[in-house]
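Heads up: the structure comes next, in structure tokens.
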Amino acid sequence: MGKDNLTAVLYKINDLRLEQTEIPQPKDDEVLLEMSCVGICGSDVHYLVNGRIGDFVVTTPMIIGHEAAGVVSKLGKNVQNLKVGDRVAIEPGVPCRTCSFCKHGRYNLCREVIFCATPPVHGNLRRFYTHAADYCFKLPDHVSLEEGALLEPLSVGVHACKRAGVTLGSQVLILGAGPIGLVTLLVAKSLGATRIVITDLVQSRLDVAKELGADKTLLVDRNDDEPTLVKKVHALFGDEPDITIDASGAEASTRLAVLATRSGGTAVLVGMGPPEIKLPLVQALAREIDIRGVFRYVNCYPAALELVASGKVDVKRLITHNYDIKETHEAFETARTGRGGAIKVMIHCDRS
Ligand code: NAD
Ligand code: 572
Ligand code: ZN
């Protein structure tokens, strides 16, 4: 028996097992990482509970996890940018590098991308894992590995704010105060948005948003009709938002994004709901609302790291629960139920 490589493998719906796997050898351009921590993302929970997201179906056992950081323990023979002992954040999607999307700098749209824990690609919730060295970002000493793992969702917030054009003076409406809405809030603030209003159905999430710097919050009442919701949003702004970012994926929010945004403004869709929804598109047309999509992130890790390293953004408050890898089932139960006000559940791979 070699070294311990305890690994969280999703076999099928509600069948997540902890078992030993081989420690992989790094290829020439890869590093072997001793994994430190892995955050649980909503998509990990979704695969556990539903076995699929859209066309991505768990048909063969898949190692879960993609929000991760670790310590370099071995170098492939071509690796120059890292050394053994470096603490790194892992950007989980490695593109083909040669298609037209990659060549034009939009590698998040690469059709051949290998993205951790998107079936059939394995993720990194395990003690040892290999990854492309140039998709690992060395952390300065004062940035923790937990913060390194959180660069993953933070990068989604960075990309969403870039796609939205958030800048000094922006008035931003964020729909949904889950981890993605909250990181978007943090990034929008750091970019100088002057007024940020955030909505959710759950008051405890709005309380966290307030702590993180939201100017106003709106507890959405599902019984409110759309004109009422739009009026409430505009009243909270004392104006109309230039930018709305939907981080909920609820159809009602996506509609509200179009309805509440100022004419000439931008509605950015991050939340992933049903594949088809009904939208007031004539409103978007007649009021020149730009609707922009977000697919993960591209070239955002450096900016996300800079935000954390400079202290402009504090992501640590998002972590509400910590578990050891041996407690993976309990960790997923906490993430699934949201018990104890769970926002980001972190699993530590190096603690026992
Ligand atoms: P989450 O489920 O934790 O958060 C969503 C929040 O939206 C919850 O707090 C929920 O209460 C709230 N919500 C639901 N309906 C609402 C409504 N009508 N109005 C206001 N709030 C409402 O999920 P998360 O991890 O924060 O992710 C958010 C969404 O972003 C998910 O749909 C996820 O799949 C998606 N996502 C997309 C990308 C991408 O690349 N586009 C990347 C990461 C996550
Ligand atoms: O951290 C990346 C990430 N991306 C999410 C969700 C959660 N975390 N997305 C929503 C689902 N899509 S997808 O295209 N897919 C399953 C590949 O439907 C990816 C982006
Ligand atoms: Zn994710």
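FYI, side chains are in, hydrogens and waters are out, and symmetry mates aren't considered; it's all heavy atoms of this structure. If you read the sequence from its start, that first residue is 1, and numbering goes on from there. Atoms within a ligand are numbered from 1 in the order they appear, just like the ligands themselves.
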Cationic N near anionic O, under 4.0 Å, R195 to D242: no

Parallel, tilted or perpendicular: rings of F115 and Y297 (30°, 60°): tilted

Among T328, N124, T21, the one residue meeting side chain to side chain donor-acceptor pair (under 3.5 Å) with T7: T21

Polar contact flag for P179 and ligand 1 (N/O pairs, less than 3.5 Å): yes

Subset of ligand 2 atoms that lie under 4.0 Å from at least one heavy atom of R296: 17 (C)

Contact check: R222 vs ligand 1, nitrogen or oxygen atoms, below 3.5 angstrom: no

Atoms of ligand 2 close to H66 [distance to a heavy atom under 4.0 angstrom, numbered from 1]: 1 (O), 2 (C), 8 (N)

Residue and atom name of the nearest protein heavy atom (relative to atom 12 (N) of ligand 2), distance in Å to one decimal: M272 CE, 3.4 Å

Salt-bridge criterion met for D86 and K83 (N-O under 4.0 Å): yes

For atom 28 (C) of ligand 1, the option (of G271, A247, G249, G178) bearing the nearest heavy atom: A247

Check: Y323/T334 side-chain N/O donor and acceptor closer than 3.5 Å: yes

Within reach of ligand 2, part of E67 (heavy-atom separation under 4.0 Å): neither

Salt bridge R127-E34, side-chain N to carboxylate O under 4.0 Å: no

Contacting atoms of ligand 1, where contact means under 4.0 angstrom from a heavy atom of F295: 40 (O)

Closest to atom 20 (C) of ligand 1 (judged by heavy-atom distance), picking from L175, I53, T199: T199

For I53, the ligand 2 atoms whose distance to one of its heavy atoms is below 4.0 Å: 16 (C), 18 (O)

Residue and atom name of the nearest protein heavy atom (relative to atom 7 (C) of ligand 2), distance in Å to one decimal: C41 SG, 3.3 Å

H131 and Y129: side chain donor to acceptor below 3.5 Å: yes

Ionic contact status for R222 with D224, cut-off 4.0 Å: no

Atoms in ligand 2 with a heavy atom of E152 nearer than 4.0 Å: 1 (O), 2 (C)

Salt bridge flag under 4.0 Å for residues E67 and K344: yes

Region of Y47 engaging ligand 2 - heavy atom pairs below 4.0 Å: side chain

Pair D28 + K77: basic N to acidic O under 4.0 Å: yes

N/O/S atom name from H66 that is nearest to the position of the Zn ion (ligand 3): NE2

Atom 10 (C) of ligand 1 [closest protein heavy-atom partner, distance rounded to 0.1 Å]: D200 OD1, 3.4 Å

Ligand 1 to A250 polar contact by distance, N or O atoms, under 3.5 Å: no

Proximal ligand 1 atoms for V294, defined as those under 4.0 Å from one of its heavy atoms: 39 (C), 40 (O), 41 (N)

Distance flag for atom 10 (C) of ligand 2, protein heavy atom under 4.0 Å: yes

Atoms of ligand 1 close to G176 [distance to a heavy atom under 4.0 angstrom, numbered from 1]: 7 (O), 21 (N)

NZ/NE/NH1/NH2 to OD/OE distance under 4.0 Å, K316 and D314: yes

Protein non-hydrogen atom found under 4.0 Å from atom 18 (N) of ligand 1: yes

Heavy-atom nearest neighbour in the protein, as seen from atom 31 (C) of ligand 1, with distance rounded to 0.1 Å: M272 N, 4.0 Å

F295 touching ligand 2 at heavy-atom level, < 4.0 angstrom: yes

